[in-house]
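Below is one structure, written out as C-alpha cells; the observations come after it.
If you read the sequence from its start, that first residue is 1, and numbering goes on from there.
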Amino acid sequence: MTNYHSHSIYSILQGTIKIDELISHAKKSGSSVVSLTDTNAMYGLIQFAKQAEEENIKPILGALIDDPNDHHLNLILLAKNNIGYASLCKIITARKLKDDFKLTDILKTPDENLFIITSSLELLQQIDLHEKLKENLFVELIVTKKQKRKTRELYEFAKAKGLQVVASHPAYFKSPDDYLLHKVVTAIRLNSTLESLNEEDLVDEEFHLTSPSQLKQTWRALPDALWNTEYIAQNCNVDFEFGKYKFPHFPLPPGETPFSYLWKVTFNGLQERYQPITDKAVKRLQYELEVIDELGFCDYFLVVWDIVREARTRNMMSIGRGSAANSLVAYCLGLTQVDPIKHNLYFERFLNRGRTSPPDVDLDFSWKERDELVKYVYEKFGYDKVAMISTTVTFRARSAFRETAKVFGIPDHEISKYSKFIPWTSAYNLPHLAEKFPEAKSLQFDTEPWKSIIKIASQLSGFPRHHSIHPGGIIITQKPITNYVALEYAKNKGLGLIITQPDMYPIENMGLVKIDLLSQRSLGVLRDTLKRINKNAKQVSVLQIKPVIFPFNNTNIEI
C-alpha cells in the first residue's frame, strides 16, 4: 500500500523531499511500492525508478498536471505500462509547450493506459463522466483538519456519480518540522518574503510523509478506498529496461546493415589514412569493428561519422578528443586526428568487451559554426527525434544564502556584506564555513536571524533552482522523443529552444545516448587566423556570427 500523491524537490521550489529520502521512507515503513507525482514534471522520475528498483521497491510513475489558467483544476496521472508512460511524457510536453493547453481536453478521450486521480471537485463538475473515463478515474480522498469538509463533498459526489475512490495523503515535505522549508522555497519561487505569503500560496501543513499503517488507520472505515490503492499498485508496471541502450537508427543505403556499412566507410578511411596499408592496421581495424559490432554500437559510430562528414562538406573545422583518440575506427572515420598505431594508443581504454556504457566521442566545432551543425542534425534525423539535453542548476552555498536571506526580509546591501566571503562550495557546508574556509573566518552566524537563515539555507543543498541547456549534449532517438522523455522550453522561452526535462544523468540511465557537439571559441580564432595567413588558399569565407533559428514551433513533436 502506498500514497499516490508525492512531490520531491523536482516539484521545483514547492516540494522539499529528496528522492533518496522518499525511497528510504517507503523502505523503512515496510511499503513494497513507492510513487512520485511531481507537478507538471518528470525531472526526477527516471532516477527515482532506478533507485527504487535497486532497493527492491516497485516504483509507481506519474505526475500532477494542473490547468495553466486555473491551478485549482488538477489531476494525477499514473502510468500503467510503457505506453502509459509515453502518454504521460506527451501530456507533460503539451502542458509545457502548448499555449492553448486545457486540462479538460485530457479527459475527453482518456488513455486507457493511464490511471487518473483527482481531488478537484471543480474539475469533476466540468467534465462528461462517461463510462470509458470512469474505468480508470479515482476520486482522491484526503483527511486533514483543513480538508475534511472538502473530502466529504468529494465522497458524496463520487457516491452519487458512481465513481471509484482512493485513499490519499499528499506529501510535499518529509516531516512536520520541514513545513518552514516548504514556506521558504515557496517564497523563493514567488520572489516574496515569508511575511508576504498567504494561505493560498502554501500547501496544507499536514502534507508530510506518512506510513502505510497510518493510511490504513485513517481509512479503516472506508475499505474500498484502501483496496483501490492496492489495485492501482498491482496494475502499474512500467519497465525502463535499465542497462539496455536505445541507439538511434542510422538511415542506411539499400541492402546494407549497420555493421556492413560501417565496415565500408571505415575501410575507405583506412585507405586514405595509410599508404601503404599494413597488416597491423587491418588486423587492428578488424578487431575494433568486431568489438563495436558485438556491443551494438555500429549505429552510434555511423551517426557521429555523418555529423563530422557534413562538417567537412561545409568546410567546418572539427576536433575529436578524449579517449576516442585511442580508436583506429575513430581515426579512419575522421573523428580524431591522432594516429593510434603510430603513438601506440590502446583501444581498450576507449572501448572494450567488459564495458557496458556506450562510447563517448566529444566533438569540438567553431563557436561560429556549431549551431548550424546542430540544425543539420535536427533536419537529418527529424525534429521529433532530436532534442538538446538540459542541465539542472542547483543551489550552491552563496545562492542558497542570498535567496534564503531575501525571504527573511534582509536587505540586499546587508546580504552582500556576508555573501562576498562565502566560497564556491556546497550549501551543506554553510553552518561550518568559518571552520573549513580561511576566507570565511570573519563570518559569524551565531545570532538570529542569521542562525535560522544558515540552517534553512544549508537544507537547500542539491535542490534544483531551474533548468538550463547542456553546453553540448543532444540526443537522437529511434522513435519520437516524447516516447522516452518530456520536453519543455529552456529558461529563456523567447529563444524558442526546447530541451529535455531530465538532465544527462537520467538520460543515460534511460539508455538514451548523448552526443556531445561542443562549441569552441579557439577553433573560430584558429580558422580566422589561418584565413588571414593563407589569403590565397581556396577556403570558404568565415561565416558571419548570427543566431540559428530553430523552427520548433512548426515541428512534428508528438504532444
Side-chain angles (χ1 to χ4, degrees), residues 10 12 19 38 40-50 85-86 89-90 92-93 96-97 240 242 244-248 297 299-300 303-304 306-307 320-322 324 357-365 367 370-394 462 464-493 495-520 548 550 552 555 557-559:
Y10 291 98
I12 297 180
I19 285 175
D38 283 318
N40 303 318
M42 59 153 296
Y43 304 116
L45 215 53
I46 297 171
Q47 63 262 48
F48 162 76
K50 188 172 188 295
Y85 170 77
C89 290
K90 291 176 174 65
I92 294 172
T93 302
K96 291 291 187 177
L97 300 185
F240 280 143
F242 290 120
K244 180 178 179 181
Y245 288 95
K246 294 99 175 166
F247 288 101
F297 297 152
D299 274 300
Y300 171 82
V303 168
V304 178
D306 182 75
I307 294 170
R321 56 185 170 86
S357 59
D360 187 17
V361 180
D362 293 326
L363 299 174
D364 292 332
F365 300 93
W367 66 297
R370 181 257 188 182
D371 285 351
E372 184 182 342
L373 203 57
V374 170
K375 185 178 180 183
Y376 165 77
V377 175
Y378 275 93
E379 292 172 346
K380 171 82 175 187
F381 296 97
Y383 280 87
D384 63 329
K385 296 184 178 69
V386 180
M388 303 179 80
I389 298 175
S390 71
T391 185
T392 305
V393 179
T394 58
R465 181 66 177 87
H466 59 81
H467 283 73
S468 187
I469 304 172
H470 187 280
I474 64 171
I475 53 171
I476 307 169
T477 54
Q478 299 174 9
K479 299 174 184 177
I481 202 158
T482 48
N483 281 21
Y484 307 96
V485 295
L487 306 174
E488 65 176 45
Y489 284 111
K491 187 181 178 185
N492 189 341
K493 182 178 176 181
L495 293 176
L497 292 176
I498 292 175
I499 56 175
T500 62
Q501 280 202 339
D503 63 22
M504 61 177 284
Y505 301 108
I507 289 285
E508 290 176 347
N509 289 337
M510 183 79 166
L512 301 175
V513 181
K514 175 174 67 73
I515 299 174
D516 284 317
L517 306 180
L518 300 161
S519 177
Q520 276 280 4
V548 175
F550 298 92
F552 288 113
T555 67
I557 291 174
E558 287 200 10
I559 54 177

Q) To the nearest 0.5 Å, how far apart are SG in Cys89 and CD in Gln501? A) 8.5 Å
Q) Is there a side-chain contact between Asn483 and Lys90 (heavy atoms, below 4.5 Å)? A) yes
Q.
In the structure I gave you, are the side-chain heavy atoms of Leu518 and Phe365 within less than 4.5 Å of one another anywhere?
A. no
Q. Hey, what's the ring geometry for Tyr245 with Phe247, parallel, tilted or perpendicular (30° and 60° as the breaks)?
A. tilted
Q.
As an exercise, state the distance from NE2 of His466 to OG1 of Thr392, rounded to the nearest 0.5 Å.
A. 10.0 Å
Q.
Quick check: do Pro248 and Lys385 have side-chain heavy atoms less than 4.5 Å from each other?
A. no
Q.
For a quick test of reading the model, state the closest non-hydrogen atom pair linking Lys514 to Glu508 and the distance between them.
A. CE-OE2, 3.5 Å
(Q) If you count every heavy atom of other residues, nucleotides or ligands that lies below 6.0 Å from Tyr505 atom OH, does the total exceed 12? (A) no
Q | Nearest atoms (heavy-atom pairs only) where Gly462 meets Thr394 | A | O-CG2, 3.7 Å
Q | CD1-CG distance between Ile515 and Asp360, expressed to the nearest 0.5 angstrom | A | 10.5 Å
Q: Please report the C-alpha distance between Ile498 and Thr93 in whole Å, then the side-chain angles of each, then the deciding distance to 0.1 Å, and finally whether the side-chain contact (heavy atoms from CB on, under 4.5 Å) criterion is met.
A: CA-CA 10 Å; Ile498 292 175; Thr93 302; over 6 Å; no
Q. Any side-chain heavy atom of Tyr43 sitting closer than 4.5 Å to one from Pro464?
A. no
Q | Lys50 atom NZ, neighbour heavy-atom count above 12 within 6.0 Å | A | no
Q) Any side-chain heavy atom of Ile474 sitting closer than 4.5 Å to one from Met388? A) yes
Q.
Using 0.5 Å steps for rounding, measure from the OG1 atom of Thr500 to the CD1 atom of Ile475.
A. 5.5 Å
Q.
Would you compute the distance between atom CD1 of Ile92 and atom CG of Asp38 and round it to the nearest 0.5 angstrom?
A. 9.0 Å
Q: Provide the closest heavy-atom pair for Leu97 versus Leu487 in the form atom of the first, atom of the second, distance.
A: CG-O, 4.5 Å
Q. Shortest non-hydrogen contact from Pro506 to Gln47?
A. CG-OE1, 3.2 Å
Q: Please assess His470 against Asp516 for the test side-chain contact (heavy atoms from CB on, under 4.5 Å), listing each intermediate value before the final yes or no.
A: CA-CA 9 Å; His470 187 280; Asp516 284 317; 3.6 Å; yes
Q.
So Val513 and Val303, do their side chains get closer than 4.5 Å, heavy atoms only?
A. no
Q | Distance, nearest 0.5 Å, that separates NZ of Lys246 from CE of Met510 | A | 5.5 Å
Q. Can you check side-chain contact (heavy atoms from CB on, under 4.5 Å) on Lys96 and Asn40, steps first, answer last?
A. CA-CA 8 Å; Lys96 291 291 187 177; Asn40 303 318; 4.1 Å; yes
Q) Would a 4.5 Å heavy-atom cut-off, applied to side chains only, mark Tyr10 and Leu45 as touching? A) no
**Q.** Polar side chain donor-acceptor pair, Tyr484 to Gln478, under 3.5 angstrom
**A.** no
Q | CA sep, side-chain torsions, deciding dist, call: His467, Ile12, side-chain contact (heavy atoms from CB on, under 4.5 Å) | A | CA-CA 10 Å; His467 283 73; Ile12 297 180; 3.6 Å; yes
Q. Considering all heavy atoms of both residues, which atom of Pro502 and which atom of Ile46 are nearest to each other, and what is their separation?
A. CG-CD1, 4.0 Å
Q) Can you tell me if Asp306 and Tyr376 form a side-chain donor-acceptor pair at under 3.5 Å? A) yes
Q: Identify the heavy atoms of Ile499 and Ile469 that sit nearest to each other, and give their distance.
A: CG2-CG1, 3.8 Å
